[in-house]
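Just below is one structure, and these are the notes that go with it.
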Amino acid sequence: MDYNCRRVFITGASRGLGLCLAKKYLEEGHTIYAGVRNPGSDQITKLHEQFPELKIYPLDVSDTGSVENCFRLLSQDTGHLDILINNAAIQAETSFNTIETTDIDEALAVYNTNALGPLRVVRSFLPILKNTPAALIVNISSGAGSIQLTEIEKEYDYRMSKAALNMGTKILYNYFRGTNIRIAAVDPGWLDTDMGKRTGGYLDPYVSATKLYGLFGRLYCNEVDFLFANNEGNTLPW
Ligand code: NDP
């Protein structure tokens, strides 16, 4: 399987890592379908001006109707998808509060977006993922979702949502075994994005996107094998 001219869908492509992944894949000549909550937002509009072939769809991964509507529009434009990158995620405002003051109800929205959002997208997009010789799904997870690596005493909402995403990834892996669909969860690194800079994230998201571009290519071509790894492809503990 070669990695040229693939059809790639990226969720949460309006800014941060998702935007950089869209840019990198466009630069490499792939066909990019970008799912964003607000298709008129600044950065994705600028990317569209630079790459008029970029296709943008309204998508809120926390809303089943929005995901289904996105699939309806997408399937009018393409009959198959080679790569799906589930990137969209949020973190609660009170994530870094301890148990006494963290807003537990806010964690519901985080779980809905980070853990259930990718499942909604996978379920809706299955017909076009099945319709290609080899499909790859990458769930952008986090080392923060590793139970073994967790030493911090905060971030209940985010860490629990990413641990759940990892479990979802493993269940889907079991379900897809022996089919054309491959799946993995990947930590992109500690990023200098709106989300990452709250805690001192330093890695330029375009640098991360470039590394991930190469790593996803090796996954797509079956040159590496992992279920949960960092941006170098080194396996992380669950
Ligand atoms: P940002 O906060 O910078 O960007 C998040 C993106 O997700 C935005 O485009 C946002 O859209 C979108 N999004 C949020 N909720 C939804 C939704 N319901 N439907 C559709 N899109 C949505 O995050 P990063 O770029 O830093 O993070 C990208 C991924 O990397 C995430 O999965 C994150 O968990 C993971 N990660 C990040 C790390 C970091 O250090 N930043 C470390 C490890 C993992 P909008 O513009 O509409 O808000």
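Read the numbers this way: they start at 1 and go in the same order the structure lists the ligands and their atoms. Side chains included, hydrogens not; waters and symmetry mates left out as well; all remaining heavy atoms used.
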Query raised in the report: Is there a donor-acceptor pair under 3.5 Å between the side chain of T78 and the backbone N or O of S75?
Result: no
Query - Mode of I90 contact toward ligand 1 - side chain, backbone, both, neither (heavy atoms, under 4.0 Å) - result: side chain
Query raised in the report: Taking a hydrophobic cluster as the set of Ile, Leu, Val, Met, Phe, Trp and Tyr residues connected by side-chain heavy atoms closer than 4.5 Å, whether directly or through intermediates, do F96 and I104 fall within one such cluster?
Result: no
Requested in this report: Would you kindly specify which portion of S141 sits under 4.0 Å from ligand 1, judged on non-hydrogen atoms: side chain, backbone, both or neither?
Outcome: backbone
Requested in this report: Tell me which protein heavy atom sits closest to atom 5 (C) of ligand 1, plus the residue, atom name and distance to 0.1 Å.
Outcome: A89 O, 3.7 Å
Query raised in the report: Would you call R6 and D2 a salt bridge, taking side-chain N to carboxylate O under 4.0 Å as the test?
Result: yes
Report summary line: atom 22 (C) of ligand 1: closest protein heavy atom, distance to 0.1 Å, is A88 CB, 3.5 Å
Query raised in the report: What protein heavy atom is closest to atom 30 (O) of ligand 1, reported as residue, atom name and distance in Å?
Result: I140 CG2, 3.3 Å
Report summary line: Check: of L212, L17, N231, N112, min heavy-atom distance to atom 25 (O) of ligand 1 comes from L17
Query raised in the report: Is there a side-chain contact between N114 and L165 (heavy atoms, below 4.5 Å)?
Result: no
Report task. Name the closest protein heavy atom to atom 23 (O) of ligand 1, giving the residue it belongs to and the distance to 0.1 Å. Result -> M195 CB, 3.6 Å
**Report entry** D63/R37 salt bridge by N-O under 4.0 Å criterion
**Finding:** no
Query raised in the report: For atom 39 (C) of ligand 1, which of L165, L191, L203, D194 has the closest heavy atom?
Result: L191
Query raised in the report: So, the side chain of S208 versus the backbone of P188: is there a donor-acceptor pair under 3.5 Å, distance only?
Result: yes
Requested in this report: With heavy atoms of D60 as the reference, note each atom of ligand 1 found under 4.0 Å away.
Outcome: 17 (C), 18 (N), 19 (N)
Query raised in the report: Side-chain contact, heavy-atom cut-off 4.5 Å: R15 with T193?
Result: no
Query raised in the report: Hey, does K162 sit under 4.0 Å from ligand 1 if you only count heavy atoms?
Result: yes
Query raised in the report: Between S141 and N166, do the side chains contain an N or O donor and an N or O acceptor separated by less than 3.5 Å?
Result: yes
Report task. Say whether G117 and ligand 1 are in contact under the criterion: heavy-atom distance to a ligand atom below 4.0 Å. Result -> no
Report task. Check whether NZ of the Lys or CZ of the Arg K24 lies under 6.0 Å from the centre of the six-membered ring of Y213 and within 45 degrees of that ring's axis. Result -> yes
Query raised in the report: Going by the atom numbers of ligand 1, which of them fall below 4.0 Å from some non-hydrogen atom of L59?
Result: 19 (N), 20 (C)
Requested in this report: May I ask you to list the atoms of ligand 1 that are less than 4.0 angstrom from any heavy atom of W190?
Outcome: 40 (O)
Requested in this report: Run the contact test for T11 against ligand 1 with a 4.0 Å cut-off on heavy atoms, strictly below, and give the result.
Outcome: no
**Report entry** Closest protein heavy atom to atom 26 (O) of ligand 1, given as residue, atom name and distance to 0.1 Å
**Finding:** T193 OG1, 2.5 Å
**Report entry** N38 near ligand 1 by a heavy-atom separation under 4.0 Å
**Finding:** no
Query raised in the report: Heavy-atom distance to atom 38 (C) of ligand 1: which of G196, G201, G189 wins?
Result: G189
Report task. Verify the distance criterion only: is there a donor paired with an acceptor across the side chains of N86 and R120 at less than 3.5 Å? Result -> no
Query raised in the report: Parallel under 30°, tilted from 30 to 60°, perpendicular over 60°: which one fits the rings of Y57 and Y33?
Result: tilted
Report task. Pull out every atom of ligand 1 sitting under 4.0 Å from any heavy atom of N87, numbered as shown with elements. Result -> 28 (C), 29 (C), 31 (C), 32 (O)
Query - S41 to ligand 1, any heavy atom closer than 4.0 Å - result: no
Query raised in the report: For atom 6 (C) of ligand 1, which protein heavy atom lies nearest, and how many Å away is it?
Result: G12 O, 3.8 Å
Query raised in the report: Would you say P205 touches ligand 1, if touching means a heavy atom closer than 4.0 Å?
Result: no
Requested in this report: Write out the residue and atom name of the closest protein heavy atom to atom 4 (O) of ligand 1, then the distance separating them to 0.1 Å.
Outcome: R15 NH1, 3.7 Å
Requested in this report: Please determine if K23 forms a cation-pi arrangement with F51, meaning its NZ or CZ atom is less than 6.0 Å from the six-membered ring centre and no more than 45° off the ring axis.
Outcome: no
Query raised in the report: Which protein heavy atom lies closest to atom 36 (N) of ligand 1, and at what distance to 0.1 Å?
Result: Y158 OH, 3.4 Å
Query raised in the report: Is there a donor in the side chain of E106 and an acceptor in the side chain of T94, or the other way round, less than 3.5 Å apart?
Result: yes
